[in-house]
Amino acid sequence: MKPRAMYDVEVSPNYMLVGVELPNGKVKQFSAFGSNVSLCEKDVNKLRKLINEYQFVGFNSIKYDDPITTYMLSGEPCDGVYQLSKALIEEGLAHWDAYAEIGRDAVHSMDIIEVAPQSASLKAYGSRLFTKKIQDLPYSPHQNLSKKQTKKMAEYNKVDLTVTRELYTALIDQLDIRQDIGDKYQINVMSRSDAQIAEDVFKKALGFTKKPKIDRPSFVEYKAPSYVKFKSKNLRKLLEDFESTLYKINRDTGKFIAHDWMKEKIVVGGVDYTIGIGGLHSNEKALVHKGDIKNADIASMYPSLIINSGKFPIQMGKNWLALYTQFRDDRMKIKHTDKKLSAVLKIFLNGTYGKLNSPYSILYAPHLMLDTTITGQLSLLMVVEALTNAGITVLSANTDGVEYVDSTKKGQKIIDKLGKKMNLVWEHAGYNALYARDVNNYIAVYDDDVKSKGAYGEPTLSKNSEYPIVFEAIRQFLFTGKPMSITLEECADPVQFTSVRAVTGGGIWGDDKDIPNTEEFTTYTLERKTINRKQNKALEKRNDKFRQELVLASDDIKYLGKTVRWYYAKDGSPIYYKKSGNQVPKTQGCKPMMNIKKKFPKDLDMT
């Protein structure tokens, strides 16, 4: 296996650059300056040598950097490479069509954009990893650069290489799993998402040499398993509605068309639940409960429901279901003993579910997707109803699990009995306290640990961070009783006090402490006159607009970029959208921290 090197390209009408960061941290850059200038022969040879010696790793590199680098290596001058860049980014030219025009691809990079969770920009992922510097492209990609400006562009390229390496390092476990899958099945999945890997593996294992023909039905129907039975009138009506509905499918998108009756809430034991084509979830707000809380989750829920249905993607045949079942059974056996193999099999299983509703996938099976999600919801509601009828308080339910209050094992026995009828394995746990903003944002306190999710969770690659030290202080207070003020005061890492946000069109910031208020606002503030709430809001709005216009016209305004990072300061000012001039939400009283400094900011506002 080749050693891996990070790489990234920059293109403007009269300048182009390929940057490569080697494993030892050294950066090699190859550039040309001038509209009609190509990479020199010496640089072409050096770059080709690096391509042969190293596995290049990039971000969105398969669709952009690889064809751009290929064109550079062919001897194309800056303006020609710029035209290709514009076609790829702005005109939607597919990379395979680009190769049809420019010739065989010279670079086969490992692209980590699909491996990273969710969907975000490289800068956003960098901010979630607390990268030292967040920097947007310093100049318009359509601008001719001066010699001096090319030096700034080269420095920007190094920043992107650093962030690419940091993201690659954060994803190394997932990449190792992909390497194992590739070795086992003799396929290259290093740049593939979990769902794409599931497609690749089933296609290879079942002997498909080309994509099978996929039919797009105009509708599907649902029939519940025989075990689904309810006692309450409203749940029996729900079952009837699910089974009597004709689920129409948009022939263009392959997606289900929503039905209005699914928007209605279902109430069981005083708790209301939302149902639909997706998963079930309760709608509690500001929930706090201490003592005797139990949790029950369906083990490997979606794979188990898929297997129990006996259905399969028609184009894949019955052998697909047999292989899928084998993957599930193998994982259940080694789930707690072989973490690495378990992670591999989990990709095959859960990745499949992600493709059942995609008409472009070989796994497209809307009948199976519908069967899986609706049966899952009805199974969970059976448990909720049974617990409620037994006098057990259900606190919450979400997709594959339920939280309830029970000082005995009565609830567990009820659930396990139902589990046998459902042919589903339920896993049980207990904890001491639950503090929930809603079903997706909560803190659960155990004897020796604290589990948090959503806004209260620790920073991850899946979401932008929002002053993480505050939520750490909340977790510590609820777990140990430690005063939140002490946790805040003890923290010496400035990045823990920052927030990050994507700003469409880019954000700008200017110090507004010397910007005056309107005369009417000043008068009311000084004289403390009493006005009604509506008038007060209007007054504040006029004042904010007045100050905003002065800030935007100021010579001190600074462009931050499309991903902004800031902290709240004692003398801070808002960030504004560059295009509209409107204030970016939650940035009132902030100061940008695009570069993390070692010194703790003296003007940090902890109030």
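When all heavy atoms of Asn464 and Ala502 are compared, the closest pair comes out as ND2-N, 4.0 Å. For the pair Met593 and Thr498, the tightest heavy-atom approach, listed with the atom from each and the gap, is SD-CG2, 3.7 Å. Nearest heavy-atom pair, Gly411 versus Asp406, reported as atom, atom and distance to 0.1 Å: N-OD2, 2.7 Å. Among all heavy-atom pairs drawn from Pro574 and Gln588, the shortest one is CG-OE1, 3.6 Å. For Leu349 against Tyr324, the heavy-atom pair with the smallest separation is O-OH, 3.0 Å.
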* Stepwise side-chain hydrogen bond (donor to acceptor under 3.5 Å, both in side chains) test for Asp447 and Asn432 -> CA-CA 7 Å; Asp447 287 335; Asn432 302 324; 2.8 Å; yes
* Kindly determine whether Lys294 and Glu403 satisfy salt bridge (charged side-chain N to carboxylate O under 4.0 Å, His left out), including the steps that lead there. => CA-CA 6 Å; Lys294 300 294 190 297; Glu403 324 286 324; over 6 Å; no
* Take Val450 and Leu478, measure what side chain to side chain contact (heavy atoms under 4.5 Å, CB included) needs, and give me the verdict at the end. => CA-CA 9 Å; Val450 58; Leu478 295 176; 6.0 Å; no
* **Derivation and outcome, side chain to side chain contact (heavy atoms under 4.5 Å, CB included), residues Met369 and Tyr353** => CA-CA 7 Å; Met369 198 284 287; Tyr353 176 76; 4.1 Å; yes
* From CA spacing to verdict: side chain to side chain contact (heavy atoms under 4.5 Å, CB included), Leu167, Phe59 -> CA-CA 9 Å; Leu167 180 58; Phe59 185 86; 3.8 Å; yes
* Under the side chain to side chain contact (heavy atoms under 4.5 Å, CB included) criterion, do Lys133 and Ile596 qualify, and how do the steps go? -> CA-CA 6 Å; Lys133 185 174 185 178; Ile596 297 175; over 6 Å; no
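Heavy atoms of other residues, nucleotides or ligands lying less than 6.0 angstrom from NZ of Lys453 number more than 12. In this structure, Lys346 places its NZ atom where only 12 or fewer heavy-atom neighbours from other residues, nucleotides or ligands lie under 6.0 Å away. Taking a 6.0 Å sphere around NZ of Lys586, one finds it holds 12 or fewer heavy atoms contributed by other residues, nucleotides or ligands. The neighbour count for Phe477 CZ, taken as heavy atoms of other residues, nucleotides or ligands under 6.0 Å away, does not exceed 12. Other residues, nucleotides and ligands place more than 12 heavy atoms under 6.0 Å from the NZ atom of Lys311.
A donor-acceptor contact shorter than 3.5 Å is absent between the side chain of Lys355 and the backbone of Gln196. At least one donor-acceptor pair closer than 3.5 Å links the side chain of Ser121 to the backbone N or O of Ala124. When atom types are taken as modelled, the side chain of Asn441 and the backbone of Ala455 share a donor-acceptor pair closer than 3.5 angstrom. Under a 3.5 Å cut-off, the side chain of Ser191 and the backbone N or O of Met110 do not form any donor-acceptor pair. Trp509 contributes a side-chain N or O that, together with a main-chain N or O of Ser573, makes up a donor-acceptor pair within less than 3.5 Å. Between the side chain of Arg331 and the main chain of Ser342, a donor-acceptor pair closer than 3.5 Å is present. One N or O on the side chain of Tyr125 and one on the backbone of Pro117 form a donor-acceptor pair closer than 3.5 Å. A donor-acceptor contact shorter than 3.5 Å is absent between the side chain of Asp194 and the backbone of Gly351. In this structure, Gln179 contributes its side chain and Leu175 its backbone to no donor-acceptor pair below 3.5 Å.
At a cut-off of 3.5 Å, with distance as the only test, a side-chain donor of Thr375 or Tyr222 sits close to an acceptor on the other residue. A donor and an acceptor atom, one from each side chain of Asn283 and Asp438, are nowhere located under 3.5 Å apart. Side-chain polar atoms of Ser499 and Glu466 form no donor-acceptor pair below 3.5 angstrom. There is no side-chain donor-acceptor pair under 3.5 Å between Arg128 and Thr460. Donor-acceptor pairing under 3.5 Å is recorded for the side chains of Ser396 and Glu284. Defined by atom type and a distance below 3.5 Å, a donor-acceptor pair is missing between the side-chain atoms of Ser127 and Thr563. A donor and an acceptor atom, one from each side chain of Tyr456 and Glu472, are nowhere located under 3.5 Å apart. Inspection of the Ser379 and Tyr227 side chains reveals an N or O donor paired with an N or O acceptor under 3.5 Å. Side chains of Ser452 and Glu458: no donor on one and acceptor on the other come within 3.5 Å.
Put simply, the side chain of Ile414 reaches to within 4.5 Å of the side chain of Ile392, judged on heavy atoms. Residues Lys451 and Tyr442 form a side-chain contact, since some pair of their non-hydrogen atoms from C-beta on lies under 4.5 Å apart. Using a 4.5 Å heavy-atom threshold, the side chains of Ile575 and Cys590 count as touching. The side-chain heavy atoms of Val402 and Asn295, taken from C-beta on, include no pair separated by under 4.5 Å. Proximity of Thr245 to Trp261: side-chain heavy atoms (C-beta onward) are separated by under 4.5 Å at one or more points. The closest side-chain heavy-atom distance from Trp566 to Thr587 is below 4.5 Å. Inter-residue side-chain proximity for Leu356 and Ile306 is flagged as met; some heavy-atom pair is nearer than 4.5 Å. Using a 4.5 Å cut-off on side-chain heavy atoms (C-beta onward), Val344 and Phe348 make contact.
Salt bridge Lys231/Glu385: absent, no basic N to carboxylate O contact under 4.0 Å. A salt bridge links Asp160 with Lys123: the distance from a Lys NZ or Arg NE/NH1/NH2 to an Asp or Glu carboxylate oxygen falls below 4.0 Å. Classification of Lys335 and Glu427 as a salt-bridged pair holds, one side-chain N sitting under 4.0 Å from a carboxylate O. Arg178 and Asp200 are not joined by a salt bridge, as no carboxylate oxygen comes within less than 4.0 angstrom of a charged side-chain nitrogen. A salt bridge between Glu490 and Lys482 is present, with a side-chain N of the basic residue lying under 4.0 Å from a carboxylate O of the acidic one. Using a 4.0 Å cut-off between charged nitrogen and carboxylate oxygen, Lys333 and Asp338 do not count as a salt-bridge pair. Salt-bridge check for Lys413 with Asp416: failed, with every basic side-chain N at 4.0 Å or more from each acidic carboxylate O.
The side-chain tip of Arg165 does not point at the ring of Tyr168 from less than 6.0 angstrom away and within 45° of straight on.
Going from atom CG of Leu239 over to atom CG of Leu381 covers 10.5 Å, rounded to the nearest 0.5 Å. Arg328 contributes atom CZ, which lies 6.5 Å from atom OG of Ser300 (distance to the nearest 0.5 angstrom). Atom CZ of Arg192 is separated from atom CD1 of Ile347 by 12.5 Å, given to the nearest 0.5 angstrom. Atom CE in Met422 sits 9.5 Å away from atom CG in Leu378 (nearest 0.5 Å). To the nearest 0.5 Å, the span separating NE2 on His259 from CD on Glu264 amounts to 13.5 Å.
With respect to Phe497, the ring pair (Phe, Tyr, Trp, His ring centres under 6.0 Å) criterion is satisfied by exactly one of Phe130, Tyr567, Phe600: Phe600.
Ring geometry for Tyr247 against Phe256 counts as perpendicular: the plane angle is over 60°, on a 0 to 90° scale with 30° as the lower cut.
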